[in-house]
Each structure stands twice: as C-alpha cells, then as structure tokens.
Amino acid sequence: MHGSQRLVATLALVATCLAASDARALPLISEVYYDAIGTDDGRGFVELYGMPGTSLDGLRLESINGDGGAVAVRLTLSGSFGGDGLFVVADRRSDGSTDIADADLLLDFDLQNGPDSLVLLGASGVLDAVGYGVFDTSQVFAGEGASASDGAAGTSLARRFANIDTGDNAADFVELAVPTPGSAPIAPIPGPGTA
C-alpha cells in the first residue's frame with residue numbers, strides 16, 4: 001500500500017469506528033410533546049431515533065414524576081425503526097384515534113408537565129433520559145446533566161440533532177413552537193477528510 005492509500009484506509013477505519021460508537025448510543029429520545037393547548041388527549045407523542053430496522057421490542061418508556069420520583073406512565077414498546085430512523089409513539093384516545101399523523105405505535109398515555117422526566121429503558125437499564133422543567137432540591141430529576149426547559153403549552157422539546165446525545169438535556173434539547181413528529185434534523189457522520 002502506498003502512503004495515500006494507507007491514509008485513506010486509516011481514515012475510513014476511523015469513520016467506521018465513529019459510526020459504530022454513535023450506534024452504541026442509540027436509540028435516543030428525539031422529541032417529546034406533553035402539553036397541548038387545551039386537552040392533551042390524543043395529541044401527545046414521543047419520537048425516538050435509532051438505527052433503521054432495529055426492533056423496539058423489549059424497550060419501554062417511563063415518565064418519572066418530579067414530585068417523589070414515582071413512575072407516572074409506563075409504556076411497553078414494539079415495532080421497529082423505519083428507514084429514516086424515526087419512530088413515533090402517539091397518545092391514543094379511548095376510541096382508538098389520535099391527532100398524530102403517521103404514528104408508528106398508539107398507546108394510551110398522558111405525560112405530565114414539568115418538572116418531570118422521561119426515561120427510555122432496555123434490558124441493560126437506562127438507554128436515554130430527558131428531564132424538563134425547574135427542579136428544586138426536594139424533587140427527583142431522572143434526566144441527564146442539567147434539565148431542559150419546560151416548554152410552553154403547544155410547544156415540544158426536541159433534540160438539536162436527533163442522533164446526538166451530549167449527556168446534557170439543557171444543551172441537547174430546544175423548544176419547538178411547532179411540534180414535528182416523524183421529522184427531525186440528523187447530523188451527518190463526518191467524512192474521512194474531516195475525521
């Protein structure tokens with residue numbers, strides 16, 4: 001191998017390792033809509049990001065009440081990530097309907113307003129978590145780093161990039177004036193020239 005071929009091969013290996021390390025961090029909670037204007041029934045959702053084709057069987061979402069730390073909602077997931085890597089779990093009304101177009105899974109739930117946390121769990125424990133709102137010293141924060149803001153009614157909390165987790169909810173999540181279930185910004189994997 002010539003020097004330039006070795007360099008290209010080395011950079012390709014580094015890019016592959018970076019992609020593999022990113023894959024170990026998935027799936028992630030990418031957007032949460034918990035406080036609609038008016039009733040929340042049939043309007044809330046949780047969007048997840050993961051490797052396309054990966055099964056969600058055996059995973060669950062738990063909403064943790066900031067006042068006392070009890071599990072307020074427990075959702076058992078099923079299905080798999082589509083080709084875009086996004087999966088939307090939407091609140092189902094008693095008649096089976098929802099306002100969330102193209103939802104992947106309908107479950108009956110009502111996430112509380114903050115300060116609360118949402119945790120994604122698998123067989124190995126916590127895979128991802130977001131805490132939102134202002135927690136005082138007597139409350140239970142089950143998120144990562146510092147909490148994200150408690151968005152105003154009608155807004156959602158979304159990751160800046162659905163596939164990037166810095167371990168700090170305040171840095172990772174922004175408030176969206178218009179919720180975007182099933183659509184999220186994805187940061188490109190750096191090419192070999194930038195690795």
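Applying the side-chain contact (heavy atoms from CB on, under 4.5 Å) criterion to E62, with sequence neighbours excluded, gives R60, I64, V71, R74, L121. For S94, there are no side-chain hydrogen bond (donor to acceptor under 3.5 Å, both in side chains) partners, not counting sequence neighbours.
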Criterion side-chain contact (heavy atoms from CB on, under 4.5 Å) on R159 and V130, from CA distance to verdict: CA-CA 10 Å; R159 280 190 189 276; V130 58; 6.0 Å; no

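Side-chain polar atoms of S97 and D95 form a donor-acceptor pair below 3.5 angstrom. No donor-acceptor contact under 3.5 angstrom links the side chains of S78 and D57, judged on distance only.
Between L120 and L61, the shortest heavy-atom contact is CD1-CD2, 3.8 Å. Taking all atoms of both residues into account, the shortest heavy-atom contact from F109 to G44 is CZ-O, 4.0 Å.
Here the side chain of S147 pairs a donor or acceptor atom with the backbone of G133 at under 3.5 angstrom. Here the side chain of T98 pairs no donor or acceptor atom with the backbone of A90 at under 3.5 angstrom. Side-chain atoms of D35 never come within 3.5 Å of backbone atoms of N113 as a donor-acceptor pair (strictly under, hydrogens ignored). At least one donor-acceptor pair closer than 3.5 Å links the side chain of E31 to the backbone N or O of T180. Under a 3.5 Å cut-off, the side chain of D172 and the backbone N or O of D165 do not form any donor-acceptor pair.
V134 is not listed as a side-chain neighbour of D136, based on a closest heavy-atom distance of 4.5 Å or more. Looking only at side-chain heavy atoms (C-beta outward), D67 and D116 stay at 4.5 Å or farther from each other. T155 has its side chain out of reach of P179: every pair of non-hydrogen atoms, C-beta onward, lies at least 4.5 Å apart.
No more than 12 heavy atoms of other residues, nucleotides or ligands sit less than 6.0 Å from atom CG of D102.
Aromatic pair Y132/Y34: ring centres closer than 6.0 Å.
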